[in-house]
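Naming convention: chains lettered A, B, ... in sequence-line order (proteins, then strands); numbering from 1 in each chain. All values reported here derive from a predicted model rather than from experimental measurement.
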Amino acid sequence: DTEVTQTPKHLVMGMTNKKSLKCEQHMGHRAMYWYKQKAKKPPELMFVYSYEKLSINESVPSRFSPECPNSSLLNLHLHALQPEDSALYLCASRDPGGPSYEQYFGPGTRLTVT
Amino acid sequence: GENVEQHPSTLSVQEGDSAVIKCTYSDSASNYFPWYKQELGKRPQLIIDIRSNVGEKKDQRIAVTLNKTAKHFSLHITETQPEDSAVYFCAATFEGGGADGLTFGKGTHLIIQP
């Protein structure tokens, strides 16, 4: 299995809701990432987990809360979001000890905050 | 942190002609430079990458060149085809065995005219 999966594909939420995005991979990759991509813009790094520990937080507001419960799963918990948080949220993974530096991207969750 | 500049923002070429996209980076410690292709509504897909110990890499119609001294790298696509139409992103990072995230350029919208 050489794929990163993300659920849900689409999510619409109000500013008072709490929701979670899920990312899963079974490639044995021990580095996992969250990126945010606004329309017609490049992906922007949000968080990096290395061996299930948060190693990078790019000054992301606390309304975004990442979690890595095991080596295959990555969650992004959302609470009290703003309309400007509407974007495509991409998960990626790679093998930090392997010969390839390639990051494998999931299909993304398209989030709309109303 | 790293800053990646990408030019041009839009590139229109005739089918069969070559296309060149250029990027510059700011952090001399960066040692990994991937190029991603993203079609509308889809995930970024790696098309080619290069490490700082190599000056050029080729894969069929696609090549990447790296000039470490000048801190710039370029994507070359020869014999362009309609299916090459997409947004292309360059990126840079330092890969030191950990799990650093990618810094992307702003993207180039490549249009192949039939």
Taking the side chain as everything from C-beta on, heavy atoms only, tell me whether [X] gets closer than 4.5 Å to [Y].
X: F105(A); Y: Q45(B); result: no
X: Y32(B); Y: E102(A); result: yes
X: D100(B); Y: I56(A); result: yes
X: R43(B); Y: Q6(A); result: no

Could you tell me which of R110(A), Q37(A), K41(A), Q103(A) has the largest number of non-hydrogen atom pairs under 4.5 Å with chain B?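 Counting heavy-atom pairs under 4.5 Å, the top option is Q103(A).
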Considering only heavy atoms and a distance below 4.5 Å, find which of P99(A), A92(A), G98(A) pairs most often with chain B. P99(A)
[atom1]/[X] to [atom2]/[Y] distance, rounded to the nearest 0.5 angstrom?
X: Q38(B); Y: L90(A); atom1: CD; atom2: CG; value: 7.0 Å
X: Y101(A); Y: F94(B); atom1: OH; atom2: CZ; value: 8.0 Å
X: E44(A); Y: F104(B); atom1: CD; atom2: CZ; value: 10.5 Å

Look at atom CD of E15(B) and say whether more than 12 heavy atoms of other residues, nucleotides or ligands are closer to it than 6.0 Å.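 Above 12, so yes.
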Answer yes or no: are there more than 12 heavy-atom neighbours, outside Q82(A) itself, under 6.0 Å from its atom CD?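 Yes.
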Please classify the contact between Q6(B) and chain A as side chain, backbone, both or neither, with a heavy-atom cut-off of under 4.5 Å. neither
Which atoms of P44(B) come close to chain A, meaning under 4.5 Å heavy atom to heavy atom: side chain ones, backbone ones, both, or neither?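 Contact with chain A: backbone and side chain both.
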Toward chain B, the part of E58(A) with a non-hydrogen atom under 4.5 Å: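 Neither part.
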Please state whether the side chain, the backbone, both or neither of Y35(A) comes within less than 4.5 Å of a heavy atom of chain B. side chain
Same apolar cluster: [X] and [Y], side chain cutoff 4.5 Å:
X: M32(A); Y: L54(A); value: yes
X: L81(A); Y: L11(A); value: yes
X: I47(B); Y: F89(B); value: no
X: V60(A); Y: M15(A); value: yes
X: F33(B); Y: V4(B); value: yes

Between T93(B), L102(B), V87(B), D49(B), which residue shows the highest count of heavy-atom pairs closer than 4.5 Å to chain A?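 Greatest number of close heavy-atom pairs with chain A: L102(B).
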Quick check on the interface: out of G105(B), P34(B), G107(B), G1(B), who has the most heavy-atom pairs with chain A under 4.5 Å?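 Between G105(B), P34(B), G107(B), G1(B), the count favours G105(B).
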From CA spacing to verdict: side-chain contact (heavy atoms from CB on, under 4.5 Å), H109(B), K40(A): CA-CA 10 Å; H109(B) 185 194; K40(A) 299 186 186 298; over 6 Å; no
